[in-house]
Colleague: 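Submitted below is the structure of interest, expressed as structure tokens.
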Amino acid sequence: MKLSAKQKEQARTAYLFIGFPLLLFSVFTFVPILFAFFISFYDWNLLIPDKPFVGLANYVELFQDKVFLVAIKNTLVYTIGVVPIQTLLALVLAFIMNQKLKGRAFFRLAFYIPAVTSSVVTSIIFVWIYSKPGLLNYLLSLIGVEGTDYLTNPSTALFAIMALNIWTTSGYFMISFLAGLQSIPQSLYEAAKIDGANQWQQFWKITVPMVRPVTYFVVVLSLIGCFQVFDQIYVMSAGGPVNSTTTMSYFTYNNAFKFFRLGYGAASAVILALIIFGATWLQKKYFPADAY
Amino acid sequence: MCFLVPIPFKISKYLRYLSGLILLWMAACQPTGNDTLRLSSWVSSPSETNLFKQTLADFRQTHPELDFKYEPIPGNYSEKLQLMLGTNTAPDLFFLKGMTAPSYMSFGILNPLDNWMAQSPDFEATDFFPFALEAFQYDGVQYGLPKDFNPYVLFYNKAHFREAGLDSLPTNWQELEQMSAQLTKDRDGDGKMDQYGFIVEPSIEMVMPFVYQNDGHFQNPDGSLGITDDSFIEALEFYYGLYQKGVATIAQDQGVAWNGDAFGRGTCSMAISGGWLMPFLKDNYPEIDYGIIPLPAGKQRATVAFTTAYAMPKKTAFEGEAWQIMNYLVGKEGMANWTNTGVAMPTRRSVAEANGFYEHPVFKTFMESAAYARPFQVQYSERGFEEVVVAFQAIFFMGKPPREAMEEIASQIKKYRLVKNKKQR
Amino acid sequence: MANVELKKLKKVYGKDVLAIKEADVFIEDKEFVVLVGPSGCGKSTLLRMIAGLEEISGGDLYIDDARVNDVSPKDRDIAMVFQNYALYPHMTVFENMAFGLKLRKYPKAEITQRVEEAAKVLGLTPYLDRRPKEMSGGQRQRVAIGRALVRQPKVFLFDEPLSNLDAKLRVQMRIEIKRLHKQLQATMIYVTHDQIEAMTMGDKIVVLKDGIVQQVDSPMNLFNNPANKFVAGFIGSPSMNFLQGEIEKTEELEFVSGTVRFGIPNELNLHDKLSPYIGQPVTFGFRPEYLYDKAKEKSKQLSVDMDIIIDVTEPVGSEAYNYFHFKGQEDLTFCFRSDSAYDYQSNETITVGLDVARLRFFDVETENRIA
């Protein structure tokens, strides 16, 4: 491809600009990813000099590992539960916030604060709220319902953490939807009003289709975030009780850093990455982001 | 990606530019050279850390020629240590926990100490309590020196006992259960118990004293797994039974973080814990009037002791200096200095005797327990422990029968047996 | 009967911002009425009040003799065409047009029939499956009109629908809308800021300024008999020239302003109207069309000679707009239209006369027309 001197000059400058960040990115992101993929085929213990090649043995073992299979199940339940609810909640909140209500600014703040608070801090606070003598059970007792310690009850622990995450991240996505909503021309709603649509119909027939690009963005981020959920698990339940909150990323952390088996952990991380790729590919294919 | 984008200039010139950048950057990123010995410990509580720093300060005074840096590691100590050992950036001297020592020793990354011990005439290996030294031996080689220990003992609330009209203390399992029942009360008449006689914890360390007392083992002397043996199951069923029968509670039901907290609040009249509970009570619940006795006995006396050692990595530039510091800190003077703070007990008999530990009203109970204390240590990897924790959670939180739970995981944990120098999962 | 009546209609924003002040307008069934005025005059607000998109602060609104102040837009039987089309981007042309009918639960067959008919009328039949973004501005506007058409409403409302189109397309669409009006025989209310559009399209025009209705009249009447100085200056392009001066009486009445002096012939019968103003300041207005070069124009009855000096000439094809000042008064510039063939040059002095039938006088303070 022949380029003029000016184009060459421009390209050179461009390369120089991206050269350094690209280098950093490669060293701190690409290379570790490739390396993780690489060591997943080895029995890699950081403390033992002997690191034999084991081929697919790690992967085979993973699929026979009961805890890993539970982790996959937990991660899927978590994601399928959180993503739709979170997205819908964020959109509804944004829609409400976009109306001319009194005290709008205060509510916007109230919804957004959990999103910018450290996840470790909110997790610790919620450990107390979810405890047997905690706030949630107190509120339930006011209506005569007795609760348990939600984080040590295997049937409620995962849902407790899901609820926490829905609450914290909705605020963040609400902001994205708010921005999207404000780019919908008011005249569309007016035309719909004249055509005869009520608030409910306006929401579903105008708002929802018009924010589709934002919805796509939110769902992708939400999916990726859910598949990788770690902080809350680590702080609140340590994967328990009885592995009911062990997700794939927590499993990876445990096996790689607590049990010294970096190769095994890397293999589980690779499988998680493949699942995430698959999910986003599926989404792109069947629910693309076309803006109208 | 060169074929996707036109490269409009000579590649070599660009590469020169780039490699220059890389070298410059790498040079800037080199860690500063290691010119002093680094000593690391974990951080358990600010008061403990301060006391330790004090001990180190005394050492510096008496041995000014030995320079070292103290670098405490907050947070995940074992993960961080593992990473440092694996990347040759480990401290030259560090704390090693008794329970996880077998893993480290089996990997062959610790420095054997036998030669150094032989070279130091004042070492006196026999002065140490055997269980403490043995905890850090592997294949007949000594890899760590125990600096202190803490056994499980029974804490009891004197006021509660008086109130219940109990003038004796439990010495065996039946008495433990009976007295717990007597001490379990619904004080405010709302149908729910506010005071429990005892408190249990679904952790392996808490159950093991009862197992040992019942003549059981996690891992039998012949190496086989003992968790499905009757002696083990019986002990587990007894321990869990206390919770089932409602004479013992667990921390989660009370919304507190651990036993010690519940004990301090008076939610339970008795609790099993170690020496670390004392400074905690002093700081948080100073009014509580409590006493300490050795654990009630089963078929025999037994308790679990937690011991920490100093260890060196195999690859260190400061072997000699590290030995000197280590030797002082576990020597008579250093150990006395440290254990006099009351945080943990001396592992040297002479130190205990010389500093009045056997006469001290509280410490003597700890010291007496040393006679029948065992470190809980097995030749299984961390994953093995996790599986057992999960099984216990199933028992306590899902009501799974103990025998069933143990049998289920028995086959699983076999995979996690440690093999010398090569972990066989 | 789809008439629309505005009785003392008022719109207030907040506590005291008066957007529309007591508008009284009667729109006949089948009429094409244009609301026109400069930006911010309230014409769109008025239209939106009729549509139901703005709350009515005071007064009454009647559509088809029924009071609709509190009736929601969808029940007023009106349809609106927006300036930016407001088409639903995610729906096809067909769906856009069908939307209102679907919401009202019309049977599918009828929806299809209405949409196809409207598409035929507007030339949209090949585009029914397209999305708005695949169409040009003019086509989108047609879809917007089609959406209103299928509803067969009592009143059509247009909010500056042609403002976003280029000049040529605008002219084309103007004709089409007029044609549609003739075909449908429906009441149409049309908002525009372009007085040419207003003049060419309206049966009746409502001129607005600052929320106040200035005049409601036919185009020709607005042109020939403006009610006040604003209407006089707004209607007509280039706009009317204004000169402030005094009425003096010598033998007849005369208008004097600086060096300009001309008599007002008695035959015009303006004596009664103007005599109260003798010795008073008045504003005199004359349209560029009605000043003639005496050397060229022989047929009309013109005023006394006046000398002017040409400043700038703008040829616009067969006509030219000539900017001039009266001799002796360099600071005031005026305009007159002439045949471009006369080819006036800058600084040329010519003698002109006014068409006496076209003299207009306005009160200086109230700006209302005197004569």
Side-chain angles (χ1 to χ4, degrees), chain A residues 87-88 90-92 94-95 98-105 176-220 283-292, chain C residues 44 47-54 71-92 95-106 111 130-135 140 143-151 153-161 164:
Chain A
T87 308
L88 190 61
L91 179 55
V92 168
F95 189 73
N98 207 28
Q99 312 294 326
K100 295 183 172 50
L101 292 171
K102 278 212 164 86
R104 221 171 17 154
S176 308
F177 275 123
L178 254 179
L181 284 183
Q182 289 176 351
S183 67
I184 301 179
Q186 188 62 16
S187 52
L188 275 187
Y189 289 110
E190 289 176 346
K193 241 193 250 179
I194 294 181
D195 271 339
N198 56 29
Q199 284 274 53
W200 177 256
Q201 287 164 324
Q202 283 176 40
F203 181 75
W204 286 106
K205 300 217 179 235
I206 308 235
T207 311
V208 171
M210 289 302 286
V211 293
R212 197 150 127 158
V214 183
T215 309
Y216 177 79
F217 163 78
V218 165
V219 171
V220 168
Q283 174 172 7
K284 192 155 201 276
K285 184 155 187 210
Y286 292 106
F287 303 100
D290 307 335
Y292 291 107
Chain C
S44 280
L47 190 77
R48 287 162 65 86
M49 284 163 80
I50 299 174
L53 297 173
E54 295 275 359
V71 177
S72 76
K74 65 178 163 98
D75 295 321
R76 294 191 187 189
D77 206 2
I78 48 109
M80 187 149 159
V81 179
F82 292 83
Q83 183 178 351
N84 64 359
Y85 326 130
L87 296 180
Y88 308 118
H90 55 289
M91 296 188 197
T92 61
E95 288 163 352
N96 260 287
M97 295 207 277
F99 190 60
L101 299 175
K102 242 171 83 179
L103 286 174
R104 286 176 167 77
K105 304 215 178 6
Y106 277 61
I111 296 181
R130 295 234 190 130
R131 291 241 153 84
K133 70 174 173 188
E134 297 161 14
M135 304 176 71
R140 287 186 211 173
V143 177
I145 296 175
R147 181 169 60 181
L149 263 185
V150 302
R151 292 263 323 282
K154 286 203 182 115
V155 185
F156 284 85
L157 305 172
F158 294 86
D159 190 354
E160 302 205 47
N164 289 4

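The figures that follow rest on heavy atoms only: side chains count, while hydrogens, waters and symmetry mates do not.
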Colleague: Show the nearest heavy-atom pair for residues C/I111 and C/A98, with the distance to one decimal.
Modeller: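 Heavy atoms of C/I111 and C/A98 come nearest at CG2-CB, 3.5 Å.
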Colleague: If I measure from the heavy atoms of chain A, does C/A144 come under 4.5 Å with its side chain, its backbone, both, or neither?
Modeller: neither
Colleague: Is chain A contacted by the side chain of C/F82, its backbone, both, or neither, given a heavy-atom distance below 4.5 Å?
Modeller: side chain
Colleague: Just by modelled atom types, is the C/Q83 backbone N or O under 3.5 Å from a matching donor or acceptor in the C/D159 side chain?
Modeller: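 Not at all, since once roles are kept as given, no pair shorter than 3.5 Å links the two residues.
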Colleague: Donor-acceptor pair, distance only, cut-off 3.5 Å: does the side chain of C/R104 make one with the backbone of A/D195?
Modeller: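 It does hold such a pair.
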Colleague: Could you walk me through whether A/F95 and A/Q202 pass the side-chain contact (heavy atoms from CB on, under 4.5 Å) test, one step at a time?
Modeller: CA-CA 11 Å; A/F95 189 73; A/Q202 283 176 40; 5.5 Å; no
Colleague: So what's closer than 4.5 Å to chain C heavy atoms on A/Q186: side chain, backbone, both or neither?
Modeller: neither
Colleague: Give a yes or no on whether the backbone of A/E190 and the side-chain of A/S187 come within a donor-acceptor separation of less than 3.5 Å.
Modeller: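 Pair absent, no side-chain N/O of A/S187 close to backbone of A/E190.
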Colleague: Give, as side chain, backbone, both or neither, the part of C/R48 having an atom under 4.5 angstrom from any heavy atom of chain A.
Modeller: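 Just the side chain, heavy atoms under 4.5 Å.
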Colleague: Looking at C/V81, C/L101, C/N84, C/D75, which has the largest count of heavy-atom pairs under 4.5 Å with chain A?
Modeller: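 It is C/N84.
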